[in-house]
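Worksheet: one structure, shown below.
Note that the structure is predicted; figures quoted are calculated from it, not measured. We number each residue from 1, following the sequence as shown.
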Amino acid sequence: MTQFSYTIQDELGLHARPAGLLAKEAAKFKSTVTVESGAKKGDAKKIMSLMMLGAKKEHTISFTVEGEDEEACAAALEAFLKENL
């Protein structure tokens, strides 16, 4: 199990476009990716789960990645977040 957190820097927060791209990035991997923001939790491979987090600028979201390619998945998602959010 690999875990990491990221604080959103985008002025609009985790809105539709980056949420869709993030879900698409997570779907490239076999690992299970769970994302949390406060008390809300969801599947990072599903755009609606990401949108329902309601993550705004300066909110910290936490990821838990479990599976055979978890290290590669976590690294790719961290890089995506830094480039896009």
inquiry  = Give me the atom names and distance for the closest heavy-atom approach of A76 to F29.
reply    = CB-CZ, 3.6 Å

message = Rounded at 0.5 Å granularity, tell me how far CZ in F63 sits from CD in E78.
response = 9.0 Å

task = Please step through side chain to side chain donor-acceptor pair (under 3.5 Å) for the pair E70 and T2, ending with a clear verdict.
result = CA-CA 6 Å; E70 66 187 44; T2 303; 3.1 Å; yes

inquiry  = Are I47 and F80 linked, directly or through intermediate hydrophobic residues, by side-chain heavy-atom contacts shorter than 4.5 Å (ILVMFWY only)?
reply    = no

inquiry  = Please say yes or no: joined through hydrophobic side-chain contacts below 4.5 Å, possibly via intermediate residues, are L14 and M52 part of one cluster?
reply    = no

inquiry  = Which heavy atom of I61 sits nearest to which heavy atom of A55, and what is that distance?
reply    = CG2-CB, 3.9 Å

inquiry  = I'd like to know if the side chain of D43 pairs up with that of S49 as donor and acceptor (distance under 3.5 Å, no hydrogens or angles considered).
reply    = no

message = Is there a side chain to side chain donor-acceptor pair (under 3.5 Å) between T60 and S5? Walk through the geometry before answering.
response = CA-CA 7 Å; T60 299; S5 295; over 6 Å; no

ask   = Do L21 and Y6 sit in the same hydrophobic cluster, where Ile, Leu, Val, Met, Phe, Trp and Tyr count as joined when their side-chain heavy atoms come under 4.5 Å apart?
value = yes

Heavy-atom closest contact (A44 atom, L50 atom, distance) = O-CD1, 3.6 Å

key: Linked, directly or transitively: M51 and L22 (ILVMFWY side chains, under 4.5 Å)   = no

Remaining members of the apolar cluster that contains M1, side-chain heavy atoms under 4.5 Å = none

query = From E66 CD over to S31 OG, what is the distance, rounded to the nearest 0.5 angstrom?
reply = 8.5 Å

ask   = When clusters are formed from ILVMFWY side-chain contacts under 4.5 Å, directly or step by step, what else is grouped with L12?
value = none

message = Grouping I, L, V, M, F, W and Y whenever their side-chain heavy atoms are under 4.5 Å apart, do I8 and L77 come out in a common cluster?
response = yes

request  = Determine whether more than 12 heavy atoms belonging to other residues, nucleotides or ligands lie under 6.0 Å from atom CD of Q9.
outcome  = yes

ask   = Between atom CZ of R17 and atom CG of D10, what is the distance when rounded to the nearest 0.5 Å?
value = 9.0 Å

note = Separation between OG1 (T7) and CD (E58), nearest 0.5 Å, reads 7.0 Å

ask   = Do you know the tightest heavy-atom contact between V33 and K45?
value = CG2-CE, 4.4 Å

inquiry  = Looking at every non-hydrogen atom in both residues, tell me the closest pair between F4 and V65 and how far apart they are.
reply    = CE2-CG2, 4.3 Å

task = Give a yes or no on whether the backbone of K30 and the side-chain of D69 come within a donor-acceptor separation of less than 3.5 Å.
result = yes

note = For K57 and E11 the tightest heavy-atom approach is NZ-OE2, 2.6 Å

ask   = If you round to the nearest 0.5 Å, how far is CG of L53 from CD of E36?
value = 9.0 Å

remark   = With sequence neighbours left out, the residues meeting salt bridge (Lys or Arg N to Asp or Glu O under 4.0 Å) with K24 are none

